[in-house]
Each structure stands twice: as structure tokens, then as C-alpha cells.
Amino acid sequence: QVQLVESGGGLVHTGGSLRLSCAASGRTFVGYCLGWLTQAPGKEREFVAAINWSGTRYYVDSMKGRFTISRDSAKNTVYLQMNSLKPEDTAVYYCAADTSYSSLRNVAGTAYWGKGTLVTVSS
């Protein structure tokens with residue numbers, strides 16, 4: 001059974017930092033693009049960041065300069081370092097995986113995603 005398990009969410013104050021981790025199991029995601037999606041209350045699930053097998057990184061504009069995505073292929077794990085957090089970053093963060101960036105970017109059609117980890121940024 002393929003699983004993506006997120007961890008690292010929590011409650012932080014404005015300006016704080018968190019590092020989210022996503023451990024994949026059930027298969028080795030060789031050649032896959034891994035990334036993160038968010039869903040805030042009352043909103044649709046949205047793309048946040050991704051990193052493909054070769055290391056190319058993609059970010060939504062609002063996260064550029066504050067968030068950094070990385071992966072450790074040997075550990076089958078993807079990370080999201082979140083700095084300078086703002087209340088508007090509050091959301092459930094979901095780890096996601098698909099065969100390509102374009103496929104992952106199509107949120108509705110993403111092949112795999114986890115159960116999510118809640119990030120709450122207080123003011």
C-alpha cells in the first residue's frame with residue numbers, strides 16, 4: 001500500500017519557522033515529482049511547491065523566498081522548510097507525488113497524496 005505520511009505541522013507565531021517532512025512508503029518514487037499542496041478553510045486545494053527527480057524546484061509566487069522544498073531520495077522523503085510564516089499560510093499541508101510536475105500541478109488528478117498536517121500561524 002502506497003502511503004505518504006506528513007509530519008512537522010503545528011502552531012507558530014508570525015515570523016516563525018517550521019519544517020514539514022513527508023515519508024513515502026509502499027514504493028520507491030524513482031523518477032517521480034514530489035510536492036506540497038494546501039487547503040485552507042473554505043478554499044480549494046492549491047499547489048504550493050514541487051521538486052522533480054532531477055532537482056528542479058517549483059513554487060507558487062506567494063511562497064518564493066520564504067519556503068524551500070528539498071528531497072532525500074535515499075530516505076524516500078520530501079521536506080518543506082517554511083520561514084517567515086504569516087497567518088495567511090495557515091492551512092492543512094498535503095504531501096503529493098506524481099510522475100511529472102505537470103501531472104502533480106493538476107491538483108484534481110494528482111496520483112498520490114497524504115492525509116495532511118495542520119499548520120496554524122497566529123498573529
Side-chain angles (χ1 to χ4, degrees):
Q1 190 84 23
V2 175
Q3 288 191 82
L4 301 173
V5 181
E6 304 94 336
S7 62
L11 174 65
V12 297
H13 294 293
T14 298
S17 297
L18 289 171
R19 188 178 72 158
L20 306 185
S21 299
C22 171
S25 63
R27 68 154 294 154
T28 300
F29 285 92
V30 176
Y32 271 63
C33 182
L34 303 178
W36 295 89
L37 314 173
T38 61
Q39 187 165 32
K43 296 185 177 181
E44 297 180 355
R45 191 171 297 185
E46 299 178 340
F47 170 81
V48 174
I51 182 168
N52 69 13
W53 188 246
S54 66
T56 302
R57 297 169 179 174
Y58 309 85
Y59 300 96
V60 69
D61 287 345
S62 63
M63 307 299 183
K64 290 180 180 178
R66 299 190 298 121
F67 291 8
T68 302
I69 189 169
S70 60
R71 69 189 295 172
D72 186 334
S73 297
K75 296 181 179 180
N76 219 22
T77 301
V78 63
Y79 306 93
L80 186 68
Q81 179 66 47
M82 310 167 68
N83 298 324
S84 301
L85 284 163
K86 305 174 181 179
E88 51 263 44
D89 297 323
T90 295
V92 177
Y93 285 69
Y94 299 88
C95 181
D98 215 325
T99 54
S100 69
Y101 167 70
S102 59
S103 296
L104 189 149
R105 193 68 171 82
N106 179 15
V107 174
T110 299
Y112 305 103
W113 59 87
K115 297 296 184 182
T117 185
L118 177 63
V119 172
T120 303
V121 184
S122 66
S123 60

Participant: Taking everything shown except Glu44 itself, do over 12 heavy atoms lie less than 6.0 Å from its CD?
Facilitator: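 No.
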
Participant: Decide whether Tyr79 and Val92 are clustered together by the hydrophobic rule: side chain heavy atoms of Ile, Leu, Val, Met, Phe, Trp, Tyr closer than 4.5 Å, transitively.
Facilitator: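 Shared cluster, no.
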
Participant: Can you name the nearest heavy-atom pair linking Ser17 to Asn83, along with the distance?
Facilitator: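 Smallest heavy-atom distance, with atoms named: OG-OD1, 2.9 Å.
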
Participant: Is the distance from the ring center of Tyr58 to that of Phe47 below 6.0 Å?
Facilitator: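 Ring centroids of Tyr58 and Phe47 are no less than 6.0 Å from each other.
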
Participant: In terms of hydrophobic clustering (I, L, V, M, F, W, Y; side-chain heavy atoms under 4.5 Å; direct or indirect links), are Val60 and Leu18 co-clustered?
Facilitator: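 Yes, Val60 and Leu18 fall within the same hydrophobic cluster.
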
Participant: So how far is it from Trp36 CH2 to Tyr59 OH, rounded to the nearest 0.5 Å?
Facilitator: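 So the gap between those two atoms works out to 12.5 Å.
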
Participant: Once rounded to the nearest 0.5 Å, what's the spacing between atom OH of Tyr94 and atom CD of Gln39?
Facilitator: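 Between atom OH of Tyr94 and atom CD of Gln39 there are 5.0 Å.
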
Participant: Short question: side chain of Thr77, backbone of Ala23 - any donor-acceptor pair under 3.5 Å?
Facilitator: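 No, because the side chain of Thr77 does not come within donor-acceptor range (under 3.5 Å) of the backbone of Ala23.
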
Participant: Can a donor-acceptor pair be found, under 3.5 Å and without considering hydrogens, that links the side chain of Asn76 to the backbone of Arg27?
Facilitator: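 Here the side-chain-to-backbone pair exists.
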
Participant: Where is the tightest heavy-atom contact between Leu80 and Ala49, given as atom of each residue plus distance?
Facilitator: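 Shortest heavy-atom contact: CD1-CB, 4.2 Å.
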
Participant: Please answer: with hydrophobic residues joined when any side-chain heavy atoms are less than 4.5 Å apart, are Val12 and Val48 in the same cluster?
Facilitator: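 Hydrophobic grouping puts Val12 with Val48.
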
Participant: Go through the steps for Met82 and Val119 under the test side-chain contact (heavy atoms from CB on, under 4.5 Å), then give the verdict.
Facilitator: CA-CA 10 Å; Met82 310 167 68; Val119 172; 4.1 Å; yes

Participant: Check whether any side-chain N or O of Arg57 sits under 3.5 Å from a backbone N or O of Ile69 as a donor-acceptor pair, and report yes or no.
Facilitator: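 Checked: pair present.
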
Participant: Arg45: what forms a side-chain hydrogen bond (donor to acceptor under 3.5 Å, both in side chains) with it, not counting sequence neighbours?
Facilitator: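 With sequence neighbours excluded, Arg45 shows a side-chain hydrogen bond (donor to acceptor under 3.5 Å, both in side chains) to no residue whatsoever.
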
Participant: May I ask you to decide if the ring planes of Phe67 and Tyr93 are parallel, tilted or perpendicular, using 30° and 60° as cut-offs?
Facilitator: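 Because their plane-to-plane angle lies in the 30° to 60° range, the rings of Phe67 and Tyr93 count as tilted.
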
Participant: Trp113 and Cys95: side-chain contact (heavy atoms from CB on, under 4.5 Å), yes or no, with the steps?
Facilitator: CA-CA 5 Å; Trp113 59 87; Cys95 181; over 6 Å; no

Participant: Which pair of non-hydrogen atoms, one from Ser122 and one from His13, has the smallest distance, and what is that distance?
Facilitator: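 Heavy-atom minimum between the residues: OG-ND1, 2.9 Å.
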
Participant: If the condition is salt bridge (charged side-chain N to carboxylate O under 4.0 Å, His left out), which residues does Asp98 pass it with, not counting sequence neighbours?
Facilitator: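 Partners of Asp98 under the salt bridge (charged side-chain N to carboxylate O under 4.0 Å, His left out) test: none.
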
Participant: Rounded to the nearest 0.5 Å, what separation is found between the SG atom of Cys33 and the CD1 atom of Ile51?
Facilitator: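 Spacing of SG (Cys33) from CD1 (Ile51) equals 8.5 Å.
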
Participant: Quick check: closest heavy atoms across Thr117 and Gly9, and the distance to 0.1 Å?
Facilitator: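 Scanning both residues completely, I find the closest heavy atoms to be OG1-N, 3.2 Å.
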
Participant: If I compare all heavy atoms of Pro87 with all of Ser123, which pair ends up nearest, and what's the gap?
Facilitator: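 The pair with the smallest heavy-atom distance is CG-CB, 4.1 Å.
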
Participant: What's the separation between atom CE in Met63 and atom OG in Ser84, rounded to the nearest 0.5 Å?
Facilitator: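 Reported to 0.5 Å precision, the distance equals 12.5 Å.
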
Participant: Taking Thr110 for the side chain and Leu104 for the main chain, is one N or O donor matched with an acceptor at less than 3.5 Å?
Facilitator: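 Yes, the answer is positive, given that a donor and an acceptor are paired below the 3.5 Å cut-off.
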
Participant: I'd like to know if the side chain of Glu6 reaches the main chain of Lys115, judged simply by a donor and an acceptor atom lying under 3.5 Å from each other, with no hydrogens or angles considered.
Facilitator: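 Between the backbone of Lys115 and the side chain of Glu6 there is a qualifying donor-acceptor contact (under 3.5 Å).
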
Participant: If every non-hydrogen atom of Leu34 is compared with every non-hydrogen atom of Ala97, which pair is closest and at what distance?
Facilitator: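 Nearest heavy atoms, Leu34 then Ala97: CD2-CB, 3.4 Å.
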
Participant: Looking at OG1 of Thr99 and CZ of Phe29, how far apart are the two atoms once the value is rounded to the nearest 0.5 Å?
Facilitator: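 That separation rounds to 11.0 Å.
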
Participant: About how many Å separate CG of Leu118 and OG1 of Thr120, when rounded to the nearest 0.5 Å?
Facilitator: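 Rounded to the nearest 0.5 Å, the OG1-CG separation comes to 3.5 Å.
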
Participant: Is any NZ, NE, NH1 or NH2 atom of the basic residue among Asp89 and Lys86 found under 4.0 Å from an Asp or Glu carboxylate oxygen of the other?
Facilitator: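 Answer for the salt bridge query: no.
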
